[in-house]
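Structure record follows, encoded as structure tokens.
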Amino acid sequence: MKRICIYGLRRDRKAILELLQRAGAVEVRPMTYGESPDGNQKQPFGRMDVSSSMEVFRKALKNTEEALQILDRHAPEKSVPFGFLRGRREIGEEEYYDFASRWEEVHQKAGRIQALEREMLEAEAEFRKVSTRKEALSPWSGLDIPMRFKGTRTTAAFIGSLSGEYTAQGLEAALLERCPTLTVSIETVSSAKEMTCIFALCPKGQGEIMETVLRELGVSRPSSPSKIPPAQEAEVLQKRADVLLQENSRREEELAALSKSREDLRFAADYLAMRMEKYQVISQLLQSRRAFVLEGYVPEKEAERLVQKLCRRYSAEVELSDPSESEDVPVLLENNVFAEPVEGVLESFSMPGKGELDPSPVMAVFYYIFFGMMLSDTAYGMIMAAACAFCLRKFRNMESPMRKSLRMFFFCGISTVFWGFMYGSFFGDVVSVFSSTFLGKEYTLPALWFTPIEEPMRMLMFCLLFGILHLFAGLFLNGVQLWRQKRYKDILYDVVFWYLLVGGLVLLLMSTDMFADIAQMEKLGAPAGNIAAAAAAVGAVGILLTGGRESRNPVKRLLKGAYSLYNVTGYLGDILSYSRLLALGLATGVIAEVINSMAVMAGGGVLGLIVFILVFLVGHTINIGINLLGAYVHTNRLQFVEFFGKFFEGGGKKFTPFGVHTKYIKIREDT
């Protein structure tokens, strides 16, 4: 990284910031500007308050995104196969500036889309209300007078309903039983198990008595009775419902027509996001009436080209300098094609801190090896590598993180093919099972090295050996970091002594009869064991004496040294963690063989072949999916816990340049 400081005229600010944004090579840092010596003098430079402009852009962006969501709900576009791999649409600068001149028009379309949905929601709410009212009127359809009718000059009427099914005679008898002097006539408008609707009539003078008795029986007047008969009211409601449906249908058609502006709306969303980012940068500048100052970091490989472009086009002065030791410099990873794919795995853990190495090159080697050992099937590896290669070749415009991930899985697939041949696994033992069942003669795919299922202890020993090499590689990187920091004594204390102790203990174990019996391998000779014991002793004493060297108290120093020495048990646990290479490798092979055995349970013949194909396709699809996920998770764990634990602390801040951080488009700089 280089420190960059740009001094420019304020009239060129907009053009310079747009150039920097398209270049995406400068991380802008907020500038500080101290007070004058007397504390009263007015500063010539200051910051611009952009909060009001940011709020306008934020509101416009929210409206645009809501408009896109509305179109997705009402006029969804057809899904494109592998659309997530196609990347953002690329446009030129001319198209960008052309849109910038008409984005207000697109913003108005976004407002119209939002208004249409609001109108539709209001219409739907009214339609539900109308439908509910119309349904409530259906039991009263036989009533040819308004439900609020209460009688004439000489009669009193009561229109109401009660729960349950009743007859007019039964209700009249109930009323006369309670009030024998009552003269009443009752008609049932409708009667059902849920509710009975009635019309009751009596002389004017007995109206209050009739109403009181009816209410005692549970009869209640209808809520919100209309001035017109129920049948007429139902017709009015139906007409209103038809109008609401027609209006919403028209709005749907208008939304479908506006969906043709979906690309413009996406462009508008990205345009607003870019302007928000630009104004965020403006708030970090120091500006006077006629000039501005911008400060930040730029990758060294981009610095000269950027300076030439700025000085050639604008009246600007640019200073480049090396960051000081105290600065919190952002981190940008730079690796070759082989190591670059695992940068995403490293970033998910942490970026390297100040003074730390980028472990990606060493990490990539072990990552691909371990992944292949866990998946360990030639056919699975071929499928994975071929699929990744196809996507990388077909979708050349895909985003960089996705491209890195696919390239990583491509290399993991190549490694899986290699280990599959070494172990003799091709869809498990499908060659042997298929040939013996359907061809009448057994053919086999021999292992180039050995078969883990037949020799699991041998496999375990090699897994632990790879683990030791992985841990020692981490210690080596720790030594390199200490060398770069000129901490030469710490290399002896924190690296060499641990090499002697752990390496000596491993070789000492390999010289014992117990190891030979368990591993089924020849043990090392006695001289090698004696040398290993001496090396382990030197390492143990060295760690005991230097593990607490930061303490001046000799007792505390010795106790801390003993605690550091106790960490050798952690190394033992770390080494045993690599047995997961055996576990997942065996799981892939064993499950594949079980699937193959199930596939031929129907025997030979046409029916057996059909069953074989179905079970084979479903079973191996599930197996590759489960074990691919397992290999990915456990390979990451071996890097994060065992490998990084020996040298890597992280804590670095990723380089995040001022650029075109958009969702739908990316701008191609015209030359």
Side-chain angles (χ1 to χ4, degrees), residues 73-74 115-252:
R73 287 195 293 268
H74 296 277
L116 283 171
E117 190 184 52
R118 283 196 299 270
E119 293 171 5
M120 291 178 68
L121 292 175
E122 291 171 0
E124 288 173 1
E126 186 179 353
F127 180 81
R128 287 193 294 270
K129 185 177 179 181
V130 167
S131 299
T132 302
R133 176 61 179 168
K134 186 169 173 285
E135 185 178 354
L137 288 174
S138 59
W140 298 96
S141 59
L143 186 67
D144 55 1
I145 59 174
M147 286 192 292
R148 63 172 58 182
F149 178 77
K150 294 186 179 180
T152 64
R153 288 192 307 172
T154 59
T155 62
F158 188 94
I159 299 173
S161 61
L162 71 164
S163 300
E165 186 174 7
Y166 296 91
T167 62
Q169 295 80 6
L171 288 171
E172 288 180 4
L175 261 68
L176 292 174
E177 183 180 349
R178 291 174 178 264
C179 184
T181 61
L182 184 64
T183 303
V184 64
S185 175
I186 296 179
E187 292 183 8
T188 55
V189 180
S190 66
S191 180
K193 291 182 179 180
E194 295 79 16
M195 183 176 69
T196 299
C197 300
I198 66 167
F199 173 79
L201 193 68
C202 71
K204 189 76 170 179
Q206 295 182 336
E208 292 184 3
I209 299 173
M210 178 183 68
E211 183 172 351
T212 301
V213 176
L214 285 173
R215 290 188 181 279
E216 290 177 358
L217 293 175
V219 182
S220 60
R221 291 186 183 273
S223 60
S224 304
S226 175
K227 295 180 179 180
I228 59 177
Q232 295 181 21
E233 185 181 359
E235 291 179 4
V236 173
L237 292 173
Q238 182 60 49
K239 290 179 181 179
R240 180 56 182 164
D242 293 340
V243 170
L244 292 172
L245 289 175
Q246 291 174 2
E247 290 177 349
N248 267 5
S249 178
R250 178 186 56 78
R251 295 184 183 107
E252 288 282 1

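Just so it is clear, the values below take in all heavy atoms, side chains as well, and ignore hydrogens, waters and symmetry mates.
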Original post:
Which pairs, with at least one residue in residues 176-194 and sequence neighbours excluded, count as a salt bridge (Lys or Arg N to Asp or Glu O under 4.0 Å)?
Top reply: R178-E216
**OP:** Please examine the side chains of N248 and F127, heavy atoms only from C-beta on, and report whether any two atoms are closer than 4.5 Å.
**Re:** no
**OP:** State, to 0.1 Å, how close V189 and P139 come at their nearest heavy-atom pair, and which atoms those are.
**Re:** CG1-O, 3.8 Å
Original post:
Looking at A200 and V184, what are the two nearest heavy atoms and their distance?
Top reply: CB-CG2, 4.5 Å
**OP:** Could you tell me whether E119 atom CD has more than 12 heavy atoms of other residues or ligands within 6.0 Å of it?
**Re:** yes
Original post:
Can you tell if the side chain of R240 reaches within under 4.5 Å of the side chain of K134, non-hydrogen atoms only?
Top reply: no
**OP:** Kindly give the heavy-atom pair with the smallest separation between F158 and V219, and that separation in Å.
**Re:** CE2-CG1, 3.4 Å
Original post:
Are C197 and S161 side-chain neighbours, meaning at least one heavy-atom pair lies under 4.5 Å?
Top reply: yes
**OP:** Over all heavy atoms of both residues, which pair between P222 and G160 is shortest? Give the atoms and the distance, please.
**Re:** CD-CA, 4.1 Å
**OP:** Give the C-alpha distance, both sets of side-chain angles, the deciding distance and a yes or no for side chain to side chain donor-acceptor pair (under 3.5 Å) between D242 and Q238.
**Re:** CA-CA 6 Å; D242 293 340; Q238 182 60 49; 3.0 Å; yes
Subject >> Nearest atoms (heavy-atom pairs only) where S224 meets R133 >> reply: O-NH2, 2.8 Å
Original post:
Taking the side chain from S226 and the backbone from E233, do they hold a donor-acceptor pair closer than 3.5 Å?
Top reply: no
Original post:
R251 side chain to L116 main-chain N or O, any donor-acceptor pair under 3.5 Å?
Top reply: no
Original post:
Within the side chain of T132, is there an N or O that forms a donor-acceptor pair under 3.5 Å with the backbone of R128?
Top reply: yes
**OP:** For residues I159 and P146, report the shortest heavy-atom separation together with the two atoms involved.
**Re:** CD1-O, 3.6 Å
**OP:** Would you check if the side chain of S191 reaches a backbone N or O of E165 as a donor-acceptor pair within less than 3.5 Å?
**Re:** no
Compile the donor-acceptor pairs under 3.5 Å between side chains in residues 201-215 and protein atoms, sequence neighbours left out, one pair per line.
residue	atom	partner	partner atom	Å
K204	NZ	T152	O	3.3
Q206	OE1	T183	N	2.8
Q206	NE2	T181	O	3.0
E211	OE2	R215	NE	3.3
E211	OE2	R215	NH2	3.1
T212	OG1	E208	O	2.8

Original post:
Heavy atoms, side chains only, cut-off 4.5 Å: are E247 and V243 in contact?
Top reply: yes
